[in-house]
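As structure tokens, the structure follows; a few thoughts come after it.
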Amino acid sequence: MDAQVEKPKKRFKLKMPGAFVILFILTIVAVAATWMVPAGSYSKLSYTNSSLQVTDPHGKVTTVPSTQKELDKLGVKINIKQFTDGGITAPVSIPNTYQRLKQRPASIAAVPTSMVKGTIEAVDIMVFILVLGGLIGVVKASGAFESGLLALTKKTKGHEFLLIFFVAILMVLGGTLCGIEEEAVAFYPILVPIFIAMGYDSIVSVGAIFLASSIGTCFSTINPFSVVIASNAAGIDFTQGLTERIIGLVFAAAFVIVYLHWYSKKVKVNPKFSYSYDDREEFNSMWEIAPTGEDGKSKFTIRKKSILILFVVTFPLMVWGVMSQGWWFPTMAASFLSFAIIIMFLTATGKNGIGETGVVDAFVKGASSLVGVSLIIGLARGINLVLNNGKISDTMLQYSSTLVAHMSGPMFIIVMLLIFFLLGFIVPSSSGLAVLSMPILAPLADTVHIPRYVVVTAYQFGQYAMLFLAPTGLVMATLQMLNMKYSHWIRFVWPVVVFVLVFGGGLLVTEVLIN
């Protein structure tokens with residue numbers, strides 16, 4: 001009697017849903033939260049038409065003179081120049097004005113409505129991403145990518161990690177100096193094909209760009225959208241605590257680069273080690289640009305070199321515009337479109353030109369490939385709209401301020417770190433959380449005799465530790481762009497989250513004890 005061949009048992013494997021489904025579920029959860037979490041609000045202070053306007057929790061607006069005396073009366077410990085000089089543009093919370101409001105539960109209709117409204121609110125970012133996609137499509141159609149990639153892979157053979165190292169350093173600097181976040185999306189099309197050609201996976205691509213830029217923002221030194229606006233809202237100068245933040249940045253950047261080196265080396269030696277190995281074929285088919293040899297079609301001609309140079313120049317130009325000229329997404333989109341038009345002309349004309357129809361089709365095809373990414377950003381915005389309309393964010397802030405009252409310094413700052421970690425899910429905008437929370441939470445530092453800048457640093461560490469994970473932030477758009485599963489990303493990024501919380505917590509406690 002033949003021995004029975006035992007069939008391998010099927011193991012249960014939890015399958016994580018895709019980005020759209022996760023955001024849809026979170027939208028429903030947000031709607032449910034508006035039924036369960038008590039509604040409430042602080043009075044808000046804003047600077048409009050050379051006057052200060054106070055909007056109470058019920059929506060009544062009162063205008064007061066824009067003087068330091070009025071701010072002191074309101075208990076807002078911020079220099080009036082921060083308002084008049086444009087340092088603070090969003091409404092800030094006024095301490096000791098929280099009031100419970102009539103519950104504002106969202107209906108089931110808020111699910112599709114918030115998705116639409118969130119998409120409308122994010123239209124500036126979406127247009128930027130679509131123009132970027134069109135630009136990429138035209139450059140691909142020109143053949144410049146293939147020829148340039150062939151030349152690059154020959155020159156970097158044996159030193160592949162150097163590119164990851166330099167990209168990560170640049171992203172860290174971009175994050176800490178000017179808060180590069182959504183703008184980092186622009187770097188994937190130029191770098192991902194190179195990483196693939198060097199034998200790396202999608203995780204390395206996201207790690208070198210998104211993770212590195214987010215670490216830079218987490219340890220912001222002079223980032224105007226994070227530490228500067230938070231310091232202004234806390235009533236202090238942003239240079240306070242700068243030395244400690246620089247020290248933290250150096251250690252954090254070293255940690256991320258060592259972690260990337262460890263992971264990329266493992267993947268290089270054994271591709272099956274990749275956390276996203278299951279999706280490698282789909283990822284490669286989407287982003288891989290395979291050089292075809294040195295025939296006439298793939299030669300790196302002067303025209304192709306010119307196209308590639310124009311394409312690459314758009315990125316440092318964007319960084320310069322954001323850092324020194326105050327560019328925002330409409331201006332960046334216009335800049336990318338200008339270069340796209342020039343590249344379309346070069347690609348359409350000449351001996352091997354593909355003509356007017358060819359470049360237009362390439363632009364449309366490239367833009368359409370990033371429609372999903374654009375929609376993800378809009379859907380994430382919709383979740384925040386539901387929470388804001390339900391008036392539950394201020395309730396959680398009020399509870400947090402009560403929670404940390406009368407604690408010892410070290411315990412106070414650790415709990416504050418965890419509070420900002422949780423608030424980062426509800427308010428993923430760094431500037432939004434700063435103006436919402438700093439006027440309320442920063443003065444609490446005075447009661448435990450520690451500098452307010454330590455609370456600002458806790459806000460940075462806590463919020464960004466969450467933004468590595470939170471689907472309400474930029475994570476989902478990034479993963480959608482590279483067709484990466486959320487579970488794969490979590491597996492890679494959790495050690496970084498632990499590092500930020502543990503190392504950041506230790507740094508905060510040290511600052512408290514020293515002061």
Side-chain angles (χ1 to χ4, degrees), residues 22-46 48 53-61 88-95 97-126 181-182 225 229-230 233 376-401 419-441 459 462-463 466-467 470-474 476-477:
I22 289 175
L23 289 175
F24 178 72
I25 293 170
L26 286 176
T27 305
I28 296 172
V29 171
V31 169
T34 63
W35 288 79
M36 295 181 288
V37 179
S41 177
Y42 287 94
S43 294
K44 297 295 192 294
L45 178 69
S46 58
T48 309
Q53 289 188 344
V54 177
T55 305
D56 73 10
H58 302 281
K60 183 182 176 182
V61 179
I88 296 176
T89 56
V92 302
S93 303
I94 300 176
T97 59
Y98 175 82
Q99 292 182 29
R100 284 285 301 273
L101 298 174
K102 185 180 178 181
Q103 203 67 21
R104 299 189 182 187
S107 67
I108 193 67
V111 176
T113 303
S114 66
M115 289 178 171
V116 173
K117 289 183 177 179
T119 303
I120 293 171
E121 277 202 4
V123 69
D124 54 348
I125 305 177
M126 294 172 69
E181 291 181 273
E182 290 96 339
F225 306 109
I229 195 168
I376 286 291
I377 293 174
L379 296 184
R381 287 279 182 93
I383 297 170
N384 302 130
L385 285 178
V386 172
L387 297 174
N388 291 336
N389 292 338
K391 296 290 183 182
I392 62 177
S393 301
D394 281 12
T395 298
M396 302 188 74
L397 183 59
Q398 166 66 10
Y399 176 76
S400 300
S401 64
I419 286 171
F420 283 118
F421 180 70
L422 296 175
L423 288 176
F425 184 90
I426 301 167
V427 188
S429 164
S430 56
S431 57
L433 183 57
V435 297
L436 174 70
S437 64
M438 279 303 127
I440 306 300
L441 298 180
Y459 137 80
Q463 185 187 36
M466 172 56 75
L467 292 185
T472 50
L474 190 61
M476 284 306 184

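Keep in mind that the numbers below use all heavy atoms, side chains included, and drop hydrogens, waters and symmetry copies.
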In the structure I gave you, are the side-chain heavy atoms of [X] and [Y] within less than 4.5 Å of one another anywhere?
X    : Y    : value
P428 : L467 : yes
P471 : L23  : yes
P38  : R100 : yes

Summary of salt bridge (Lys or Arg N to Asp or Glu O under 4.0 Å) pairs that have at least one residue in residues 22-34, sequence neighbours excluded: none
Is there any salt bridge (Lys or Arg N to Asp or Glu O under 4.0 Å) pair reaching into residues 26-45, and which pairs are they, with sequence neighbours excluded? K44-D394
Working to the nearest 0.5 angstrom, can you tell me the gap between [X] [atom1] and [Y] [atom2]?
X    : Y    : atom1 : atom2 : answer
I426 : S393 : CD1   : OG    : 6.0 Å
I108 : I28  : CD1   : CD1   : 6.0 Å
M396 : L387 : CE    : CG    : 9.0 Å
T34  : N388 : OG1   : CG    : 12.0 Å

Using the rule side chain to side chain contact (heavy atoms under 4.5 Å, CB included), only one of L397, I419, V92 pairs with S437; which is it? L397
What residues, two or more places apart in sequence or in another chain, satisfy salt bridge (Lys or Arg N to Asp or Glu O under 4.0 Å) together with K391? none
Step through the shown structure and confirm whether more than 12 heavy atoms of other residues, nucleotides or ligands are within 6.0 Å of CE on M126. yes
Can you sort out the partners of S43 under side-chain contact (heavy atoms from CB on, under 4.5 Å), two or more places apart, ordered by chain and number? V54, D56, P57, I94, T97
Listed by chain and number, what are the side-chain contact (heavy atoms from CB on, under 4.5 Å) partners of A434, not counting sequence neighbours? I229, A230, Y459
If every non-hydrogen atom of S93 is compared with every non-hydrogen atom of P439, which pair is closest and at what distance? O-CB, 3.0 Å
Nearest heavy atoms of V31 and S107, plus distance in Å: CG1-O, 3.9 Å
Backbone of [Y] reached by a side-chain donor or acceptor of [X] within 3.5 Å:
X    : Y    : value
Q398 : Q99  : no
T395 : G40  : yes
Q463 : G424 : no

Residues H58, L101; criterion side chain to side chain contact (heavy atoms under 4.5 Å, CB included); working and verdict: CA-CA 8 Å; H58 302 281; L101 298 174; 3.6 Å; yes
Kindly write out the residues that satisfy ring-ring contact (aromatic ring centres under 6.0 Å, His included) with F425, not counting sequence neighbours, or none if the list is empty. none
Begin from the C-alpha positions of R104 and N389 and carry the test side chain to side chain contact (heavy atoms under 4.5 Å, CB included) through to its verdict. CA-CA 8 Å; R104 299 189 182 187; N389 292 338; over 6 Å; no
Which residue pairs pass the ring pair (Phe, Tyr, Trp, His ring centres under 6.0 Å) test with at least one member in residues 27-46, sequence neighbours excluded? Y42-Y98
Below 3.5 Å, can you tabulate the donor-acceptor pairs from side chains in residues 114-121 to any protein atom, sequence neighbours excluded?
{"residue": "S114", "atom": "OG", "partner": "A110", "partner atom": "O", "Å": "2.8"}
{"residue": "S114", "atom": "OG", "partner": "V111", "partner atom": "O", "Å": "3.0"}
{"residue": "T119", "atom": "OG1", "partner": "M115", "partner atom": "O", "Å": "2.7"}

